[in-house]
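Notes for the one structure printed next.
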Amino acid sequence: MSADHDKWLTQIKKGVIELCCLNLLASEQLYGYELAKRLSGAAPFGVSLGTVYPLLSRLTRDGLVESRVEESPSGPARRKYHLSRLGRKRLSLMNREWRAIADHIDSLLPGLSPDS
Amino acid sequence: MPPKPRSIEATRLEGDYLARLRSALRYVSESEATEIHDNVTEHIRAAVDELHSDEVSLSQMAAILEELGSPESLIVEPDEIETPVPDLFDSPADEPEIPPVPVSASASGAVEFLDRLFAGYLIAIAGLYVPFIDLYLCSIIGYGVIFLALKKAPTPEIAAGSPWALVALISIFSICPITLLSYASDAFGLLGLPAFLGLIVSDIILFWILFGGMADWIERRGLSELATKTRNLRMIYLVTSLLVAVVLLPVGMIAAVENNGNVPVVVGFALLPVGWVVGWFLVLRPIRRIRQAIG
């Protein structure tokens with residue numbers, strides 16, 4: 001694969017992983033590890049599990065995700081993530097736009113010939 | 001639940017990985033560095049707990065860390081890396097240079113925090129060199145600066161000392177009106193004791209939380225030795241403060257009962273050298289060392 005293709009694929013992955021991450025957190029609060037495992041299963045794009053951690057930091061910095069530290073009687077304290085109010089609004093918008101984009105792209109794909 | 005035992009090689013591999021991670025985390029803000037470090041250590045712990053073996057082997061640890069990705073890739077998102085991520089087994093001497101990530105405003109804010117903390121304690125301790133009035137004013141200004149600095153501390157653990165700085169400030173602030181009122185009535189003089197106690201207790205707790213939080217903070221940056229020394233200072237400060245309180249409290253009580261304000265003043269001045277030594281070696285110099293280490 002060419003370097004340009006890799007860059008394009010990286011951009012696609014980055015956008016999709018963020019959408020998947022926010023959707024997973026919309027349904028329930030998750031620890032970072034749980035989120036990483038679910039993302040690797042839901043988004044099989046060859047992305048390492050650790051990709052979620054800088055993503056979570058950015059989403060927290062942007063105010064879309066919040067976390068709280070939970071003390072655990074059986075081990076060290078763990079950080080649990082959930083969507084913020086801003087995150088829910090943003091996710092609603094992103095999901096709507098994703099469906100619109102996906103529908104539009106799907107409508108284009110069957111019309112493409114293998115040689116184009 | 002105690003952590004699952006690792007083989008020697010697995011422990012070494014994990015240690016190398018976390019050391020590389022701490023090194024890479026110098027390029028991000030303090031809050032992000034703390035969050036990523038905590039998440040990664042928790043990830044490793046959870047992945048190890050899922051293993052069915054009684055001891056973690058080198059290959060198992062390698063598989064867990066390979067799934068995570070290289071430490072350098074954990075600090076930036078995929079499109080921000082322009083150099084290939086290194087192989088997991090690269091020795092630290094061979095690791096490629098990480099493209100410099102601009103230091104965020106909050107990372108440089110850590111240095112500003114330490115400068116303000118140093119200034120606050122310097123002002124408070126400087127009052128020990130001058131007569132009572134200046135000691136009082138310097139203490140109020142100094143603890144006020146410390147309180148404001150802690151509101152913008154780099155980690156929540158350090159910021160947890162902020163309420164105690166406020167209690168110390170209120171205790172100091174109350175001493176002057178109580179002293180003035182005691183000239184009108186001896187009963188007001190007795191209020192000086194809870195104010196003094198409040199100052200001693202809050203100051204000890206503030207120091208304990210502050211230096212404990214700073215120790216954790218610099219340990220995450222790979223400065224383990226300095227972190228240990230910083231933690232050890234807390235016990236020395238506690239003992240020293242209690243000794244001073246043990247000497248001054250009975251003197252203060254006697255003075256309040258006998259309405260003789262000269263004795264505590266004399267004793268207080270006699271203890272000034274202790275304050276100078278404690279102030280420099282236990283407070284100012286450690287803050288300066290931490291500042292130099294991260295600056």
Side-chain angles (χ1 to χ4, degrees), chain A residues 1 3-21 30-41 43-63 65-81, chain B residues 1-4 17-18 20-21 24-25 27-50 63-86 88 98 101 104-107 155-157 160 216:
Chain A
M1 293 291 182
D4 286 341
H5 177 79
D6 287 341
K7 278 187 183 173
W8 172 79
L9 200 55
T10 298
Q11 290 297 320
I12 296 281
K13 286 178 190 178
K14 185 188 170 191
V16 170
I17 285 171
E18 180 172 339
L19 185 64
C20 291
C21 178
L30 293 169
Y31 297 111
Y33 181 69
E34 291 173 330
L35 184 62
K37 293 289 269 189
R38 294 216 196 164
L39 270 178
S40 70
F45 303 119
V47 177
S48 63
L49 283 178
T51 306
V52 73
Y53 299 122
L55 172 62
L56 278 174
S57 287
R58 178 172 62 78
L59 295 175
T60 303
R61 192 172 66 229
D62 292 346
V65 161
E66 291 170 340
S67 66
R68 57 188 172 84
V69 176
E70 275 188 0
E71 298 297 329
S72 169
S74 58
R78 304 165 73 187
R79 198 179 288 258
K80 205 163 196 180
Y81 292 89
Chain B
M1 183 193 306
K4 190 174 284 189
Y17 185 92
L18 292 176
R20 284 169 61 185
L21 177 65
L25 286 173
Y27 295 97
V28 300
S29 68
E30 291 306 317
S31 57
E32 286 183 42
T34 303
E35 187 177 358
I36 292 174
H37 186 275
D38 289 349
N39 276 330
V40 169
T41 51
E42 165 59 20
H43 182 112
I44 296 172
R45 190 198 64 77
V48 160
D49 284 346
E50 287 180 356
I64 290 171
L65 299 182
E66 190 161 350
E67 261 194 332
L68 258 177
S70 73
E72 292 76 17
S73 70
L74 297 180
I75 66 164
V76 289
E77 294 182 68
D79 65 337
E80 291 166 0
I81 298 178
E82 293 184 359
T83 56
V85 293
L88 191 64
I98 302 168
V101 176
S104 69
S106 55
T155 70
E157 291 87 357
D216 292 341

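In what follows, every chain begins at residue 1, and chains take the letters A, B, ... in the order their sequences are listed.
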No-hydrogen, no-angle side-chain donor-acceptor test under 3.5 Å, B:N39 and A:Y81: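 Checked: B:N39/A:Y81 side chains pair up, N/O donor to acceptor below 3.5 Å.
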Over all atoms of both residues, closest heavy-atom pair of B:A47 and A:Y33: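 Scanning both residues completely, I find the closest heavy atoms to be CA-OH, 3.4 Å.
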Non-hydrogen atoms of A:S57 and B:I36 that approach each other most closely: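 Reported closest heavy-atom pair: OG-CG1, 3.3 Å.
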Stepwise side-chain contact (heavy atoms from CB on, under 4.5 Å) check, A:K37 with B:E50: CA-CA 12 Å; A:K37 293 289 269 189; B:E50 287 180 356; 4.0 Å; yes
Residues in salt bridge (Lys or Arg N to Asp or Glu O under 4.0 Å) contact with B:E42, at least two apart in sequence or another chain: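 Expected list: A:R78, B:R45.
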side-chain contact (heavy atoms from CB on, under 4.5 Å) between A:Y53 and B:E35, intermediate numbers included: CA-CA 8 Å; A:Y53 299 122; B:E35 187 177 358; over 6 Å; no
